[in-house]
Enquirer: 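First the structure, which I've put down as C-alpha cells, then a few questions once you've had a look.
In what follows, every heavy atom counts, from backbone to side chain, and hydrogens, waters and symmetry copies are set aside.
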Amino acid sequence: RASTDLQFKEAIDEYTESLKRNPKDHKVLSNRAGAYAKLMSWNEAIRDCDNCIKLEPTFAKAYLRKGKIQFALKEFQKAIATYDIGIEKCSSGVQELERGKRETMLHC
C-alpha cells in the first residue's frame with residue numbers, strides 16, 4: 001500500500017506541474033482528482049472534479065468521478081444529483097453515468 005500511495009502522490013505532483021503550464025486542461029484535473037480519490041483525499045478530489053466541470057461541462061468522466069466519490073462518502077443523494085446533471089449535459093459517457101446512478105439508488 002505504501003508504494004502505491006507514493007505512486008499516487010507522485011502522480012499528483014506531476015499533474016500539478018502540468019496544470020501550472022496549462023491550467024485549463026480539464027483531463028489533467030480529472031486525472032488528478034482520480035489520484036486524490038485513490039488516496040482518499042476527498043475534498044481535493046471533489047474540488048478538482050468541480051473545476052474540471054467548470055472548464056468542460058460536457059466531460060462525463062468528471063461527473064462519474066465526482067459521483068463515485070460522493071458514493072464513497074455515503075452522500076447518495078448528492079451522487080444521484082451529480083449523475084443527473086452529467087446525464088443532462090453530456091452526449092457521450094451517458095451509459096456509465098446511468099449505471100452509476102442506478103447503483104447509487106440501490107443504497108438509498
Enquirer: Going through the distances and angles, do Phe59 and Lys89 end up as a side chain to side chain contact (heavy atoms under 4.5 Å, CB included)?
Expert: CA-CA 8 Å; Phe59 188 58; Lys89 298 209 180 245; over 6 Å; no
Enquirer: Linking I/L/V/M/F/W/Y whenever their side-chain heavy atoms sit closer than 4.5 Å, directly or via other members, would Ile87 and Ile85 fall into one cluster?
Expert: yes
Enquirer: With clusters defined by side-chain heavy atoms of hydrophobic residues (ILVMFWY) lying less than 4.5 Å apart, directly or transitively, does Met105 cluster with Phe71?
Expert: no
Enquirer: How many angstroms lie between atom CG of Leu19 and atom CD1 of Ile12, to the nearest 0.5 angstrom?
Expert: 11.5 Å
Enquirer: What's the spacing between Ser41 OG and Lys9 NZ if we round to 0.5 Å?
Expert: 8.5 Å
Enquirer: Any chance you could measure Phe8, atom CZ, to Met40, atom CE, to the nearest 0.5 Å?
Expert: 11.0 Å
Enquirer: Report yes or no: do Leu55 and Tyr15 belong to one cluster of Ile/Leu/Val/Met/Phe/Trp/Tyr joined by side chain heavy-atom distances under 4.5 Å?
Expert: yes
Enquirer: Checking the side chain of Thr104 only, and the main-chain atoms of Gly100 only, is there a donor and an acceptor separated by less than 3.5 Å?
Expert: yes
Enquirer: Tell me whether Val94 is reachable from Leu64 by hopping between hydrophobic residues (I, L, V, M, F, W, Y) whose side-chain heavy atoms are closer than 4.5 Å.
Expert: yes
Enquirer: Could you tell me which non-hydrogen atom of His107 sits nearest to which non-hydrogen atom of Glu103, and how far apart they are?
Expert: ND1-O, 3.0 Å
Enquirer: Is a donor on one side and an acceptor on the other found under 3.5 Å between the side chain of Ser18 and the backbone of Glu14?
Expert: no
Enquirer: What do the steps show when you test Leu97 against Gln95 for side chain to side chain contact (heavy atoms under 4.5 Å, CB included), and what is the final call?
Expert: CA-CA 5 Å; Leu97 292 165; Gln95 287 180 330; over 6 Å; no
Enquirer: Does any part of the side chain of Gln70, heavy atoms only, come nearer than 4.5 Å to the side chain of Ile46, both counted from C-beta?
Expert: yes
Enquirer: Does a side-chain heavy-atom distance below 4.5 Å link Arg32 with Arg47?
Expert: yes
Enquirer: Centroid separation under 6.0 Å, is that true for the rings of Tyr63 and Tyr83?
Expert: no
Enquirer: Taking all atoms of both residues into account, what is the closest heavy-atom pair of Cys90 and Pro57, and its distance?
Expert: SG-O, 4.3 Å
Enquirer: Please report the shortest heavy-atom distance between Ser92 and Ala60, naming the atom on each side.
Expert: O-CB, 3.3 Å
Enquirer: If we ignore hydrogens and angles and just use 3.5 Å, is the side chain of Arg65 paired with the main-chain N or O of Ser30 as donor and acceptor?
Expert: yes
Enquirer: What distance separates Asp5 CG from Lys38 NZ, expressed to the nearest 0.5 Å?
Expert: 11.5 Å
Enquirer: Run Cys108 and Ile80 through side chain to side chain contact (heavy atoms under 4.5 Å, CB included) and show every step you take.
Expert: CA-CA 10 Å; Cys108 291; Ile80 290 168; 3.6 Å; yes
Enquirer: Locate the shortest heavy-atom distance separating Gly67 from Ala79; write the atom from each residue and the value.
Expert: O-CB, 3.5 Å
Enquirer: Can you name the nearest heavy-atom pair linking Ala33 to Cys49, along with the distance?
Expert: CB-SG, 3.8 Å
Enquirer: Before accepting this row, confirm whether a basic side-chain N of the pair Glu96/Arg99 lies closer than 4.0 Å to the acidic partner's carboxylate O.
Expert: no
Enquirer: Give a yes or no on whether Phe76 and Leu73 share a hydrophobic cluster (residues Ile, Leu, Val, Met, Phe, Trp, Tyr; joining criterion: side-chain heavy atoms under 4.5 Å apart).
Expert: no
Enquirer: Salt bridge (Lys or Arg N to Asp or Glu O under 4.0 Å) for Lys101 and Glu98? Distances and angles first, verdict last.
Expert: CA-CA 5 Å; Lys101 180 181 176 180; Glu98 289 174 341; over 6 Å; no
Enquirer: Which heavy atom of Ile69 sits nearest to which heavy atom of Ala45, and what is that distance?
Expert: CD1-CB, 3.4 Å
Enquirer: Supply the atom-to-atom distance Thr58 OG1 to Glu56 CD, rounded to the nearest 0.5 angstrom.
Expert: 3.5 Å
Enquirer: Run through Asp50, Asp48, Asp84 and flag the one making a salt bridge (Lys or Arg N to Asp or Glu O under 4.0 Å) with Lys66.
Expert: Asp50
